[in-house]
Amino acid sequence: MEADRASGAQPRIGLEDVDLPRLGMAAMRIIGAIEQGDTGVLWQAASRLVKETTERDVFVSRLLDGRRSLGRGIGRRWAAVRVDRSRDGGPLPSGTYAALEFSVSLGDPAIPFRELVSLRREDDGVWRLAGYHAVREA
């Protein structure tokens, strides 16, 4: 690891280095802010990459617009987590990403949805919000 730092290479992040329960709690806080429409928290939680490439109002409206009419989630359960490293030239800007998936019922009547919270590991080691999507299950 010291040789990696000395050569300028980015240190390798393995799954053993990722605190999965902490990521899950962060994702739940983000979902709570989305449900409450707390735009300030959402922008503050956004990754540097998001802030550099998307205007605040555009980012926040993308998170909130599709969710406002659905209300609070019922019976939210953590379904899956995936941690991947994207390289230059891939579909995402290079970096380490975590995708946390939740199963939840939304709306009235309650309809099953999948929520996906995407986090990006910043250079300082902090995981920050990269995106959110809620998709109705088939």
Side-chain angles (χ1 to χ4, degrees):
M1 193 76 101
E2 288 299 320
D4 286 343
R5 285 190 198 121
S7 69
Q10 290 186 345
R12 186 173 166 271
I13 298 172
L15 195 52
E16 67 278 0
D17 299 322
V18 178
D19 186 343
L20 296 178
R22 191 169 180 187
L23 282 182
M25 289 185 301
M28 291 294 287
R29 284 192 304 273
I30 288 167
I31 290 170
I34 290 169
E35 289 182 336
Q36 294 172 21
D38 193 342
T39 60
V41 167
L42 295 171
W43 185 247
Q44 185 180 15
S47 75
R48 177 187 49 78
L49 182 66
V50 166
K51 290 179 178 179
E52 290 174 354
T53 60
T54 310
E55 291 182 27
R56 180 186 192 275
D57 293 341
V58 171
F59 176 72
V60 171
S61 70
R62 284 181 188 159
L63 294 176
L64 299 180
D65 285 350
R67 275 292 268 115
R68 283 195 175 127
S69 63
L70 297 174
R72 288 196 172 281
I74 301 168
R76 185 172 284 111
R77 294 183 329 269
W78 192 356
V81 63
R82 185 177 57 253
V83 178
D84 291 314
R85 178 131 179 97
S86 177
R87 304 275 183 216
D88 286 334
L92 297 172
S94 66
T96 302
Y97 295 85
L100 296 100
E101 187 176 323
F102 297 87
S103 177
V104 64
S105 294
L106 298 171
D108 185 22
I111 299 168
F113 276 79
R114 289 281 178 176
E115 291 177 303
L116 181 69
V117 177
S118 301
L119 304 172
R120 184 174 190 274
R121 187 175 187 271
E122 301 291 287
D123 293 337
D124 61 2
V126 175
W127 291 89
R128 299 221 176 257
L129 178 61
Y132 167 87
H133 300 285
V135 179
R136 187 175 175 169
E137 289 192 36

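When reading the values below, keep in mind they use all heavy atoms of this one structure, side chains included, and skip hydrogens, waters and symmetry mates. All figures in this text were calculated on a predicted structure; none of them were measured in a lab.
The closest side-chain heavy-atom distance from I30 to L119 is below 4.5 Å. Between M28 and F102 there is a side-chain heavy-atom pair separated by less than 4.5 Å.
Taking both residues in full, the closest heavy atoms of G95 and R120 are given as CA-NH2, 4.0 Å, listed atom of the first, atom of the second, then distance. Pairing each heavy atom of W43 with each of V50, the nearest pair is CZ3-CG1, 4.3 Å. Contact record, S105 with A110: CB-CB, 3.7 Å, taken as the closest heavy-atom pair.
Connectivity analysis of hydrophobic side chains (ILVMFWY, heavy atoms under 4.5 Å, direct or indirect) links L106 to L70, V104, I111, F113. Counting Ile, Leu, Val, Met, Phe, Trp and Tyr side chains that sit under 4.5 Å apart, directly or through other members, I74 stands alone, with no cluster partners. M25 belongs to no multi-residue hydrophobic cluster, having no ILVMFWY side-chain contact under 4.5 Å with any other such residue. Membership of an apolar cluster is not assigned to V126, as no side-chain contact below 4.5 Å to another ILVMFWY residue is traced.
For T53, the side chain to side chain contact (heavy atoms under 4.5 Å, CB included) test picks out L49, with sequence neighbours left out. Take L116 and apply the side chain to side chain contact (heavy atoms under 4.5 Å, CB included) test, not counting sequence neighbours, and it matches A99, E101, S118. A search for side chain to side chain contact (heavy atoms under 4.5 Å, CB included) contacts involving A33 returns D38, V41, L42, not counting sequence neighbours. Residues that satisfy the salt bridge (Lys or Arg N to Asp or Glu O under 4.0 Å) test with D65, not counting sequence neighbours, are R68. With sequence neighbours excluded, the residues forming a salt bridge (Lys or Arg N to Asp or Glu O under 4.0 Å) with E52 are R48, listed by chain and number.
Within 6.0 Å of CZ on R56 lie more than 12 heavy atoms contributed by other residues, nucleotides or ligands. The neighbour count for Q44 CD, taken as heavy atoms of other residues, nucleotides or ligands under 6.0 Å away, does not exceed 12.
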Let me have the donor-acceptor pairs involving side chains of residues 128-138, under 3.5 Å, with sequence neighbours excluded, atom names and distances please.
{"residue": "Y132", "atom": "OH", "partner": "R67", "partner atom": "NE", "Å": "2.7"}
{"residue": "Y132", "atom": "OH", "partner": "E115", "partner atom": "OE2", "Å": "2.7"}
{"residue": "E137", "atom": "OE2", "partner": "R114", "partner atom": "NE", "Å": "3.3"}

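Here the options are V81, L23, T96, the test is side chain to side chain contact (heavy atoms under 4.5 Å, CB included), and the partner is V18; only L23 passes.
For the atom pair CG (L100) and CG (L20), the distance works out to 8.0 Å, reported to the nearest 0.5 Å. Distance OG/S69 to CG/D108: 12.0 Å, rounded to 0.5 Å.
Under a 3.5 Å cut-off, the side chain of T54 and the backbone N or O of K51 do not form any donor-acceptor pair.
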